[in-house]
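What follows is one structure encoded as structure tokens, with my remarks underneath.
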Amino acid sequence: GAAVDAVGAPGYGRTCYVAQRRGEQMSTLIKELLSGSDSGTVLRAGLLSLNRAELRRLVSDTARSLEKAGVRAEHRALLRVAPGVPFVAHLFALLQIGAQPIVVDHRIVRATTSAIIEAHGVSWELFSPRELTVTRGFSESPPRLVATGRTAYRDNQNILLQLSSGTTDDPKLVGRREEDLRSESRRYRALGGVSPEGTALVVAGALASAWGLNAALFAGLGDGHEVVLPTSTTLAGLFAAANATGRMATILAVPMHVAMLARVSEVPRSLVSVLTSGGPVSEAQAVAVTHKLGVMVGQVYGSTETGLIAGDLRGEMPGTSGSIAPSLRTRLLDGDELAIAMEHSPYVNRADNEGRWESGWFRTHDAVTMSVSGQVTVHGRIDGLLSLGGRKFHIAEIEHHLTSQAEVEAAVVFLHDSRIEAFVVPRDSGHFDRQRAVSELPEYLRPHVIRVVNTLPLSPSGKILRQRDLLKVQLRDQDAS
């Protein structure tokens, strides 16, 4: 259980809690995830492996520990816990109690979590006592539990809250109803399932992200997959995790992992596929990895607000985000912005609706093209559609070209003061030829300036932070060192 620093959150007594505990507040989704066959491993982290009965007991023991500390069904609890078995146990235990977890990445800055606690009636905070090293895949340490002293409050519509990534603007709290999570799991199944039946899911990305939480824990566990947390998020660590299961394995990754795979000559025989989320993977890169290594590369497209929108879960449509999930209603606004039909706003704060959700439609702010059959290609954010010298272009065109070059690891492009500016991470900065990298681009798409950086800033979920000011600070620090 959690180590308790303070107990007795204000505002509610035991009598009020008993009337609601494990009744209408309790998530039936968690009941279902923890029921079923007890044979076979369902959760693995390093040398620790749990079957469903063992996970069920762990969650029940953790729930009793939280209850003893004072956590109640009508409370909100901020879950800022590193990936690991303790994360899963405490998330499921909070849902089993009927409390409302606010799930954020353990690396999120303190100012953001403090603002959430202050503004949203958070009674408890659960956090990892020690930060993970950069490549460490999971933590074994139990989180600490602290009473915030805030007036207890939770809404009765959402079973949990998630924090949007904030790669292009400020993070926002997103509410997820039980039916939202069930619907998303059905969408994965309608597109063929997260992975073929009987395979293990190695989670290379952030477990607190929509990708880790919804694809791995809810859809994956719900469909009987073994969820594996790697000891290390290096390729060697991911390969070891895939081998440890004794099954065929799929890695749930982000695009940078595909770029890493492109540089190796062999992979374990157990690795059958890599699925990515959080950004595009070019057709050339996906086909090259499949041809060289025999590993299928697929990708999914969605957001914290909408859940899964589209997916190519079997790598049959490389370079695209696959097919729109059959149950979704979509339309294009202003020619190319994708909108998704949603009965209710995904945002906890009404002020966040502006420009995003109105009259039953959620604007993704993504520019896409859609085929007659429903296949979707995401070109980038609509604010990336620009005009220069009377010619319209999307910055994603330039980024895709740059990242398709053998000598380029990653790139992000901005239009600043009527000049195209590219920040590039080369594979070998000592032999990077700027002119050759852009020579095949039409002249009007060639960056006016290319800045070489060691890395691109990433969100906790592994997405590139498209914030020029951050890159300028990073470049200045890099030059100073």
Side-chain angles (χ1 to χ4, degrees), residues 134-135 167-168 204-205 233-235 253-265 274 276-293 295 297 299 318-321 377-381 384 386 388 393-416 419-459 461-468 470-479 481:
V134 175
T135 59
T167 55
T168 57
T233 56
T234 62
L235 279 187
V254 293
M256 71 174 182
H257 292 109
V258 178
M260 293 163 64
L261 278 173
R263 301 199 298 272
V264 302
S265 57
V274 175
T276 72
S277 177
V281 173
S282 69
E283 180 179 2
Q285 195 171 53
V287 170
V289 169
T290 300
H291 178 74
K292 182 173 72 167
L293 303 174
V295 175
V297 177
Q299 52 187 312
T320 78
S321 294
T377 301
V378 182
H379 300 291
R381 306 293 284 178
L386 306 171
L388 186 63
F393 65 96
H394 202 290
I395 58 174
E397 297 177 66
I398 307 172
E399 291 174 350
H400 290 169
H401 172 82
L402 287 170
T403 54
S404 70
Q405 305 302 300
E407 65 258 47
V408 175
E409 179 81 31
V412 63
V413 175
F414 301 91
L415 183 65
H416 181 70
R419 289 164 59 85
I420 301 173
E421 183 180 29
F423 291 82
V424 173
V425 181
R427 298 195 194 282
D428 182 353
S429 57
H431 296 88
F432 177 58
D433 188 326
R434 287 173 168 83
Q435 290 186 338
R436 185 173 60 197
V438 299
S439 61
E440 295 180 11
L441 278 170
E443 189 169 348
Y444 74 97
L445 290 181
R446 293 178 189 175
H448 297 93
V449 59
I450 297 178
R451 306 188 189 280
V452 173
V453 291
N454 296 329
T455 61
L456 294 179
L458 302 176
S459 73
S461 61
K463 298 178 182 178
I464 295 174
L465 289 173
R466 297 178 176 277
Q467 299 174 22
R468 183 177 178 275
L470 275 180
L471 282 159
K472 293 291 287 185
V473 170
Q474 180 177 316
L475 189 64
R476 184 186 64 209
D477 294 343
Q478 180 181 307
D479 291 342
S481 63

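Here the structure is a predicted model, which means the values were calculated and not measured. Because only heavy atoms are used, hydrogens play no part in the values below, and waters and symmetry mates are left out as well, while side chains stay in.
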Can you sort out the partners of R419 under salt bridge (Lys or Arg N to Asp or Glu O under 4.0 Å), two or more places apart, ordered by chain and number? none

What pairs with H400 under side-chain contact (heavy atoms from CB on, under 4.5 Å), at least two apart in sequence or on another chain? P280, A396

Note, T290 side chain near V295 side chain (heavy atom, < 4.5 Å): no

Any residue meeting side-chain contact (heavy atoms from CB on, under 4.5 Å) with V264, in chain and number order, not counting sequence neighbours: L235, L261, V267, L293

By side-chain contact (heavy atoms from CB on, under 4.5 Å) - contacts of L471 (at least two apart): V412, F414, F423, L456, P457

Among residues at least two apart in sequence or on other chains, which ones pass ring-ring contact (aromatic ring centres under 6.0 Å, His included) with F432? none

Does a side-chain heavy-atom distance below 4.5 Å link V408 with P426? no

Please give me the minimum heavy-atom distance between L402 and A437, naming the atom from each residue. CD2-O, 4.1 Å

One should read off an interatomic distance between H401 NE2 and S439 OG, to the nearest 0.5 angstrom, of 6.5 Å

Quick check: closest heavy atoms across V274 and A253, and the distance to 0.1 Å? CG1-CB, 3.9 Å

Got a sec, which residues hit salt bridge (Lys or Arg N to Asp or Glu O under 4.0 Å) with R436, two or more places apart in sequence or on another chain? E407

Taking all heavy atoms of T276 and all of P255, pick out the closest pair and write down the distance. CB-N, 4.1 Å

Among residues at least two apart in sequence or on other chains, which ones pass side-chain contact (heavy atoms from CB on, under 4.5 Å) with S282? A284, Q285

Going by the rule side chain to side chain donor-acceptor pair (under 3.5 Å), which residues pair with N454 if we only count those two or more places apart in sequence or in a different chain? Q478

So which pairs with a foot in residues 439-449 pass salt bridge (charged side-chain N to carboxylate O under 4.0 Å, His left out), sequence neighbours left out? none

Side chain to side chain donor-acceptor pair (under 3.5 Å) partners for R427, two or more places apart: E409

R451 meets the side chain to side chain donor-acceptor pair (under 3.5 Å) criterion, sequence neighbours left out, with E421

For V413 and A422, which heavy atoms make the closest approach, and how far apart are they? CG2-CB, 4.0 Å

Any idea which heavy atoms bring V297 and V281 closest together, and the distance? CG1-CG1, 4.4 Å

Distance in Å, I450 CD1 paired with Q435 CD, rounded so as to fall on 0.5 Å steps: 9.0 Å

Side chain of K292, backbone of A262: donor and acceptor closer than 3.5 Å? yes

What distance do M256 atom CE and T403 atom OG1 have between them, rounded to the nearest 0.5 Å? 15.0 Å

List the atom of V452, the atom of L475, and the distance in Å for their closest heavy-atom pair. O-CD1, 3.5 Å

Those residues that, when tested against D479, pass side chain to side chain donor-acceptor pair (under 3.5 Å) (two or more places apart): none

Pairwise distance CD1(I420) to NE2(H448) - rounded to 0.5 angstrom: 5.5 Å

Flag side-chain contact, heavy atom, 4.5 Å: E399 against I395: yes

